[in-house]
Structures are given as C-alpha cells and as structure tokens.
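Everything numeric in this text was worked out from a predicted model, so none of it was measured. Below, chain A is the first sequence line, B the second, and so on; all start at residue 1. Worth knowing before you read on, the calculation uses all heavy atoms, side chains too, and leaves out hydrogens, waters and symmetry mates.
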Amino acid sequence: MGKPNDLVQGTLDLLILKTISLEPTHGWAIAKRIQQVSEDVLRVQQGSLYPALHRLEQQGWIKAHWGETETGRAAKVYSLTRAGRSQLEKELANWDRLSQAINLIARMA
Amino acid sequence: MRSADILRLRLRSLFQRSRVEAELAAELRFHLDQQIEENIASGMSPDEARQAALRAFGGVAQIQERCREMRGNRWIEQLLQDLGYAVRTFRRSPTFTLVAVLSLALGIGANTAIFSLIHAFLLRELPVHDPGRLVAVGDPTRVGSLSTGNVRSDQMSYPMYEAIRDQNQVFSGIFASGRAHRLMVGLGSPADEGESARGRLVSGNYFSVLGARARLGRTFTAEDDRVGEAPVVVISHDYWKRRFGQEPGIIGRTITISRNPFTVIGVMPGGFFGDIVGTATDVWVPLSMQPQVIPGRNYLERWDVSWLLLMGRLKPGVSIEQARAEINVLFPRIVKAETGSGITEAILPGPDRMQVEVTPGGTGFSYLRRELSQPLFILMAMVALVLAVACANVANLLLERSMTRQKEIAVRLALGAGRERLIRQLLTESLLLSVLGGLLGLLVAFWAGRALLRLFGGTSAVAAIDLWPDLAILAFTASVAVLTGILFGVAPALRATRVELAPTLKENARSVVGAGSGGRWSLGKLLVVAQFTLSLLLVMGAGLFVRTLRNLERLDLGYPRESLLLMNVDPVAAGYEGERLESFPRNLTEHLRTVPGVEAVTFSDNGIFSGTESGTSVRIEGFQSPPEGDPSVNYDVVGAGYFATVGISILRGRDIGVHDGPGAPGVAVVNESMVAQYFAGGNPIGKRLVTIGPPDVEYEIVGVARNARDHDLRGPIPPRFYVSFLQSRDLGTDFNVEIRTAQPAAMVETIRTVMKAYDPRLSVRELDPLTTLIDETIVNERIIARLAVVFGLLALLLAAIGLYGVISYTIARRTNEIGIRMALGARRPAVLWMVLRETLLLALAGIALGVPAVLGSTHAVSSRLFGLSAKDPATLALAIGILILVALCAGLIPGSRATRVDPVQALRYE
C-alpha cells in the first residue's frame with residue numbers, strides 16, 4: 001500500500017476541496033457528489049477518500065465537526081478553513097496551468 | 001489560524017487517542033451504512049446489500065491504518081505504544097527484568113562513578129567568574145609544599161611574587177596562595193587553645209582575581225593584606241556551619257588563630273572551595289599575617305623560601321602563550337636584578353630551574369590530580385570492560401527470551417507488522433531496560449563515587465569535592481545507558497525477527513528453534529567468547545596489579561621497617577628558643593630512651609617517609625664539578641647514632657657519634673649512591689665535602705652507609721649525605737624523632753602520654769609507625785589492586801553465568817542426540833566429556849582472542865607496575881589457568897545433567 005502518486009493525490013485534493021467549498025458535508029456525500037457531477041467518470045474509492053480527508057485535516061485546509069444528517073444520524077462533517085480556501089484557489093490555478101500545457105502538447109499539429 | 005488548528009489536532013490525537021480512534025471507526029461505519037442503504041434502495045436484500053457494501057469497501061483495518069498514518073504524531077504514538085507493551089511484558093517476567101536492570105545498574109553506575117571522579121579532579125572548572133581566563137604560574141600540583149635554600153620557579157617566594165605582580169603586563173590581577181596547614185583556631189578567650197582548622201594564606205586580591213563574592217560580609221581587599229592593619233579572615237560556608245553553628249552574628253566576631261586575634265569579615269557561599277581541588281579550606285588568612293599564624297618563622301622576606309602558587313587573570317585580548325612568554329622573560333630578569341642584594345649567589349636557581357610553568361588555571365591547583373589521573377583512567381577502562389561483559393549477558397538473556405517469543409513474533413509478522421516496526425519495538429524494550437538501569441545506576445554512582453573518593457583522598461577530599469550529578473555527569477550516564485541499550489538490543493532484535501513464518505506457526509515449534517539459532521556459531525556463543533576475551537584482560541590486569549602491590553610491600557628498604565616509630569614535633573611553636581632550643585633534641589631523646597619498650601632513639605631533620613627533603617650545592621674533593629655549576633645533592637641532618645637506631649648498616653667507617661658536637665670538626669656520612677656517583681666507587685673516607693653557603697661549611701667524610709629508601713618506593717636511590725644535627729646551623733625548624741621499638745603500633749599511645757607529661761605545650765604533629773607512613777605512599781596501588789580483583793572476579797562471574805546459560809541451552813536442544821548416544825552404548829564420562837569439550841572450545845576461543853589483546857595493551861599499564869613487566873608470562877599463564885578452571889566449573893552442571901539423561905525418555909522426547 002504505497003502512497004498514491006503525486007498527480008492523483010493532488011487531483012483528489014482539488015476535487016475534495018472544491019466539493020466541500022460549495023457545501024460542508026460528510027465523506028459519503030463527497031464521494032457521491034463527485035461521482036454524480038462527473039457523470040460517473042470519477043469514482044473515488046474509500047481507500048483513497050478517507051486517508052485524503054484525514055491528511056487534508058492534518059494540514060489544516062479543512063476542519064471537521066460532528067453534525068446530524070437529515071435522517072438524524074451522527075456524521076463527521078468537513079468544512080473549508082480560511083487557509084483551505086486560499087489553498088483551493090492555488091490548486092485551481094495550478095490545475096488550469098497544467099491542463100492547458102498538456103492540451104497544447106496533446107493537440108500539437 | 002492554520003498552525004493553531006494543526007497543533008490542536010496533534011495534541012488531541014496524542015492525549016485523547018481512544019476518542020479519536022472511536023471517531024474514525026464511527027466515520028467509516030457511517031459510510032458503510034450509507035452504502036448498505038443505497039444497495040437496499042436499489043433492490044438487494046439486506047444480506048446481499050451488506051456483503052456488497054463490505055466488498056466494495058475493502059479492508060477496514062487497512063483504511064484505518066492509512067488514516068492513522070496521516071496523523072503527524074505517528075512516531076510518538078508508536079513509541080508510547082511500544083513502551084506500554086514493554087512494561088506489560090516485563091511485568092510478566094519479573095525475575096528477568098530484575099536481573100537485567102540490576103546488572104545494568106551496577107555496570108552503568110560503576111562507569112558513572114569513575115567518570116564523576118575524573119570530572120571532579122581533571123575536568124571541572126572552579127566555580128568562579130570566567131575560569132577560562134585564569135592562568136596558573138608555577139607547578140599546580142605543589143599545593144602544600146615549602147622549600148628553602150634556593151630560588152625556585154615551580155613555587156615562588158613572597159618577594160618574587162611581589163616583583164612579578166608589580167612588573168607584569170599580561171595579568172589584570174595575580175594572586176598568591178600558600179599553605180598554612182592546620183591552624184589552631186580559638187573562639188575568643190586567650191586560654192582557649194582551640195581546634196585545628198585547615199587554613200590557606202592568600203594575598204589581598206585573591207577573591208577579586210577569582211571573581212568570587214562573599215555570601216555574608218565581604219572578602220579581602222588590598223588594604224587587608226597590609227602589615228599592621230587589623231587582621232581579618234574569611235571563612236568557608238562549611239566551617240561556619242561546623243564550628244559556629246551558622247550563627248548569624250559571625251561577621252565582626254573575633255577569633256584567635258595561633259593565639260592572635262582576628263576578625264571574621266566574610267563567609268563564602270556553599271559551593272566555593274577556593275583554588276585547590278581535593279582539599280577543603282576552612283579559613284583564608286591574608287599573607288601579611290603569616291608570621292603571626294605560623295609563629296617563629298617569617299616566610300615573607302626571604303627570596304629562598306619558595307612556598308607560593310600564583311594564579312593570574314589574563315587581560316582582555318592577551319593569550320596564555322603571550323603570558324607564558326612574558327613570565328619566562330620576567331623571571332630571569334628579576335633574578336638578575338636582585339642578584340647581589342636580596343638574592344645571594346648561594347641561593348641562585350640552577351640553570352635548569354629557570355623555566356616557569358604557565359598553564360591554564362581554570363581547573364585550580366591540585367595535588368591529587370597528578371596522583372589520580374592515571375589510576376582513574378585505568379579504572380575507567382576496567383569498568384567499561386565489566387559493563388561490556390554485563391551487556392553481553394543481558395543480550396544473551398534477551399536472545400533466550402526472544403526464542404520463547406517466536407510464536408508471538410511470527411503471528412505479528414503474519415498479521416502485517418513490518419519487520420522494521422518489530423525491530424523498533426524490541427529496541428524500545430532494550431532501551432527501557434537500559435534507561436531503568438541508568439536511573440538506578442545514578443544512585444549506585446553516587447554511593448560508589450563517595451566511597452572511592454574516601455579511599456583515594458581521605459575524608460578531607462570527601463568534604464571538598466561535590467559529587468552531586470551535574471549536567472556533564474547526567475549527560476554521560478544518559479549516553480552510556482542509550483549506547484548499552486542499543487549495544488545489547490540490536491543483535492537480539494535482528495535475530496529474533498528473522499523468523500520463518502509458516503514453520504513457526506505450526507504446532508511443532510520446537511524443532512524450528514534449532515534452525516533459527518544459526519548453527520554452530522550462534523550469536524549466543526559468540527557473545528560468550530567475547531565475554532571470555534574481556535575477562536582475560538581484566539583477570540590479567542588484576543594479577544599484574546596484585547603482584548605489583550606485593551612487590552612494593554616486600555621491598556627491601558635497606559633497614560627493618562617493622563620496628564620504627566616516627567614522631568614530628570615543633571619546639572619553636574611551643575616557645576622554645578636560644579639555649580633551650582639548642583639542647584631540646586638531645587634532652588628529648590635522652591628522656592625518651594628511658595621509656596620502657598623503647599630500644600633506641602634518634603632524630604633527624606627530614607624523617608623517613610615524612611614528606612620533606614633537603615638539598616644543597618656541594619663541592620667534593622676529588623670530583624670535578626661540571627661546567628653548569630656545582631651539583632646539588634640531597635642531605636639530612638641527623639642525631640647521634642642515627643644509622644644504628646634506624647638499622648642502616650655502615651659499610652665503611654663509622655656512624656655519627658655523640659662527640660660530633662658543636663666544637664668538633666664537621667663530619668659527614670655518605671650513602672652508596674653518592675660513592676658511586678662522585679667517588680667512582682673508590683674510598684671516600686677522609687675526603688672533604690663542602691656545602692656551598694654562604695657560609696661554606698666543610699665536612700670530613702667518616703662513613704659510608706648502605707643505600708636506604710627513605711622517600712620513595714620506586715625509582716633509583718639518589719646520592720645522599722648525612723651531617724650531625726649538633727654541628728648544623730639550621731636549628732629552629734620542626735624535626736622528626738625516630739624511635740626503635742619492637743611494637744611500634746602499641747607504643748603510640750605510650751609515647752603520646754610521655755610527651756604530654758614531658759611538656760604539655762609541645763604539639764606532637766605526627767606520631768605513626770613507619771609501616772603506616774609507607775602504606776600511605778602505596779594507597780593508590782592498593783586501591784587499584786583491590787578494585788582490579790573485584791572487577792576481574794565480577795567479569796569472571798558474569799562470563800561463567802553466560803557460558804553456563806549457553807551450554808545448558810545447547811545441551812537441552814541435543815537431548816535427543818544424547819539419548820541416542822547413550823542407547824548406543826556411550827558411557828557417562830564420554831557424555832560429560834562431550835559437554836566439557838563444547839565448554840572448553842568456547843573458553844579457549846575467547847582466550848585465544850584475548851592473548852593478543854593483552855599483549856597489545858601493555859603500554860597502558862606498564863608505568864604503574866613494579867617489579868614485573870606487563871607481558872609477564874607467569875601472570876598470563878595464571879590468568880589463562882583461572883579462566884579455564886572457571887569454564888570447566890560452568891560446564892560441569894549442564895554436563896552432569898546430561899549424563900543423567902534417561903535414554904528412553906530422551907528418545908521419546910520429540
């Protein structure tokens with residue numbers, strides 16, 4: 001069980017942060033949201049989701065509290081910290097630059 | 001804020017671990033439940049839904065572990081986990097833990113004790129301001145000596161000190177400190193003769209150069225050191241407690257020293273002990289008061305009374321090399337300038353005595369330092385060896401334990417624990433043992449250190465040296481503990497985790513243990529071999545030191561040592577002078593001769609093994625003095641019948657006689673070395689010998705005495721001559737009385753009573769049988785020999801235990817084989833021999849490695865030996881013999897157990 005390679009880890013972080021930025025929620029919902037919005041292309045495994053969530057929490061980008069779902073169950077809800085918000089901006093900018101660069105190469109004539 | 005959040009999280013995961021774990025489990029369970037609900041909603045049955053969800057989820061434990069890894073404190077958590085686990089396992093095997101911790105405590109404690117002595121004597125700086133800028137001028141080991149007769153450069157006279165103080169450019173201040181020995185301090189009334197206290201005479205700037213402040217009152221200023229001012233003293237904290245009960249009114253109180261009134265103006269703080277390491281000082285007295293506190297003698301005006309040690313504080317920007325250069329230019333310049341006035345020709349220093357030793361003074365002056373540095377280093381080496389042997393035993397114990405834990409380790413490895421993680425955990429166990437051993441060892445070190453200090457330096461040293469663990473000692477203990485923990489823990493940890501999983505997990509684990517221990521030369525056996533190598537070194541060392549001690553004790557001194565009693569008296573201090581003083585020696589000896597039990601009495605200036613010696617330049621008839629100047633020869637001034645009383649044979653001519661009195665021609669007796677060196681072995685009788693004064697005195701040589709050892713047990717006997725007390729001009733000093741009697745020890749009290757009756761005002765300074773005085777010179781050899789024997793035996797015991805353990809274990813594994821052999825007809829002795837052969841093999845391997853080690857390390861100890869070389873074959877053979885004997889004994893018990901194996905049982909035993 002080695003660490004996920006950098007590209008994948010970085011992208012997952014971005015997806016999680018963005019998802020949480022729209023609405024603080026728990027891990028299950030995050031996975032579901034990502035799956036839905038990407039039209040089933042991106043499916044996050046639990047084995048990568050929860051370690052990533054905990055890592056982001058340790059790094060101070062997101063914070064957690066225990067809340068209640070609509071059905072009344074206890075769930076650990078994550079929200080973005082202020083530092084996390086600026087980290088998200090940075091990651092988005094990085095992603096744009098990276099994908100643009102890849103595009104230029106891939107679409108070379 | 002981000003960092004605050006992170007910190008909070010870390011603290012939480014550290015201190016509320018169970019809560020955090022529970023939350024993690026809950027979070028994952030929630031996710032699982034949601035998945036199951038979703039599955040049910042899409043049409044599966046509850047059971048199918050659950051199984052599908054679980055399958056999709058993957059390994060819960062793994063995910064939990066990965067989440068845990070994301071927390072930053074993993075290593076602390078793991079360390080705490082390991083520690084808790086280690087404590088639990090130790091609690092389950094208390095004897096093992098106790099044995100291991102105790103042996104480690106002894107080993108680490110002994111090492112720390114020796115190190116604390118080394119630190120106190122050799123390394124620690126004086127507790128004063130900026131000791132690094134202090135510089136000692138003179139020989140820093142000559143703490144309590146005083147020489148007369150020549151200007152010297154290893155100790156200074158008072159006028160020389162004044163000249164150096166006033167003319168140097170390198171010191172911002174330089175003080176002088178000289179012996180006052182035991183002063184009689186009274187508490188006020190003139191009739192009160194007082195108690196003796198340890199005093200030191202110091203110049204007025206002593207405390208200011210050192211940079212030490214008083215705790216109560218004040219310290220000396222330059223004014224206090226002027227003759228004629230009100231005499232003042234400063235006392236130590238310990239003396240204030242001991243003698244004055246810490247009375248608050250001590251400042252301004254009047255005390256008497258040698259019957260002179262002094263005012264106490266200051267008390268020093270508890271940690272301050274002055275400039276001398278190893279002897280405590282109670283009272284500091286200004287130098288100018290020397291004639292009052294040592295009555296009858298004035299040391300302040302003569303250039304040839306050398307008794308002061310100097311210490312200066314370097315000016316900012318001046319280096320010690322500059323100071324050394326300047327002092328060595330200044331000293332000869334002063335001598336030259338004063339020649340003809342204060343310094344007469346007679347007392348000029350020899351050309352080889354013009355070098356002034358200038359060394360860093362931050363560690364103070366110490367007589368014991370030179371005495372002890374080599375013995376301490378030898379002890380340090382020995383004690384390190386013992387610790388190594390003890391570690392090997394603990395390592396073997398750990399190995400055995402890990403053998404029995406193989407199943408547990410295999411299970412954990414199978415469950416997915418990394419090998420590295422397990423090794424880390426086993427090392428944590430070892431370190432816990434060694435840290436516990438280290439903590440206990442600090443206690444051992446404190447007691448052992450004090451005991452050693454008392455052995456080496458007497459009670460005065462114990463009072464003077466503070467052995468409380470300070471930072472350096474704690475750091476030493478900690479590093480020794482950690483190093484030993486790693487040393488004995490690493491190999492067993494590595495070995496223990498190298499397990500074949502499948503075979504070990506099966507029921508029949510026993511047969512695997514054999515395969516896991518690595519065949520013929522297993523780690524355990526190698527450890528035992530190492531133990532025997534180290535033991536050989538220690539036992540050889542013990543043998544060499546014990547034989548050295550015996551050689552010293554049996555040395556022929558040139559006269560019988562068992563029948564002499566020595567006494568030192570000071571008539572001048574008791575008020576004798578003039579005619580009474582001149583006739584005092586003769587009257588006293590005549591009186592003592594009448595005491596029953598006394599066979600003969602004589603007296604001498606320098607005594608025997610009493611610590612003083614005289615020397616003077618001489619001109620010898622028939623001997624051409626070398627161009628550098630007349631030779632300086634040792635001499636003594638003795639009473640009539642000296643040689644007959646002491647028991648030194650006269651080889652030619654005659655003894656000093658009663659008729660060699662003040663009017664008669666001057667006579668001298670020379671010893672054999674003098675004849676050999678100055679008379680080329682010819683007959684010196686009748687030749688003249690002139691001591692260079694002024695005045696020059698001429699003596700006729702009337703006798704040749706056998707060489708006698710009167711100061712040192714080691715080294716060659718130097719040339720020496722003896723002149724008659726009654727013809728010497730040097731009366732008025734304290735002198736020694738030699739009493740020949742059959743039972744010196746028994747006569748001590750009798751003589752003391754007789755002296756009290758003869759004149760109660762006479763202070764008898766020393767009264768000891770000669771054997772006691774000689775023993776005092778070999779105290780260090782005796783201590784080293786005793787400790788070497790203790791360490792050697794300890795190491796042997798540990799090695800024997802180690803060997804016993806390994807052999808028992810090996811034999812237990814081969815029970816099967818033994819049973820077969822016996823069934824096939826092997827007799828008991830053959831089985832016993834088989835075991836003993838294994839034992840001997842290990843011991844001999846250790847010895848074989850040890851012999852070159854012994855031969856290679858001889859230079860370290862050879863200077864301390866006497867009468868035998870460090871490669872002495874007899875001692876080596878004896879040491880090897882002892883080791884073989886011990887090995888055989890260690891192997892005997894398992895061996896006899898092996899012979900009692902019942903073949904039938906053994907064959908059934910799988």
Which heavy atom of B:Thr97 sits nearest a heavy atom of B:Phe90, and at what distance? OG1-O, 3.1 Å
Taking side chain as everything from C-beta outward and backbone as N, CA, C, O, which of these in A:Thr69 sits under 4.5 Å from a heavy atom of chain B? Side chain, backbone, both or neither. side chain
Hey, what do you get for CG (B:Leu413) to CD1 (B:Ile409), rounding to the nearest 0.5 Å? 7.5 Å
Can you tell me which portion of A:Ala74 sits under 4.5 Å from chain B's heavy atoms? Options are side chain, backbone, both or neither. backbone
Is it the backbone or the side chain of A:Arg73 that comes under 4.5 Å from a heavy atom of chain B, or both, or neither? side chain
Options A:Ala52, A:Gly47, A:Ala83, ranked by heavy-atom pairs under 4.5 Å with chain B, top entry: A:Gly47
Just by modelled atom types, is the A:Gly60 backbone N or O under 3.5 Å from a matching donor or acceptor in the A:Thr81 side chain? yes
Chain A contact via B:Ala26 - side chain, backbone, both or neither, heavy atoms under 4.5 Å: both
After noting the C-alpha distance and the side-chain angles of B:Glu408 and B:Arg412, does the key distance pass the salt bridge (Lys or Arg N to Asp or Glu O under 4.0 Å) rule? CA-CA 6 Å; B:Glu408 168 209 333; B:Arg412 292 168 77 190; 3.3 Å; yes
B:Glu429-B:Gln425 side chain donor-acceptor pair, cut-off 3.5 Å: yes
Heaviest contributor of heavy-atom pairs below 4.5 Å to chain A, chosen from B:Gln35, B:His31, B:Glu65, is B:His31
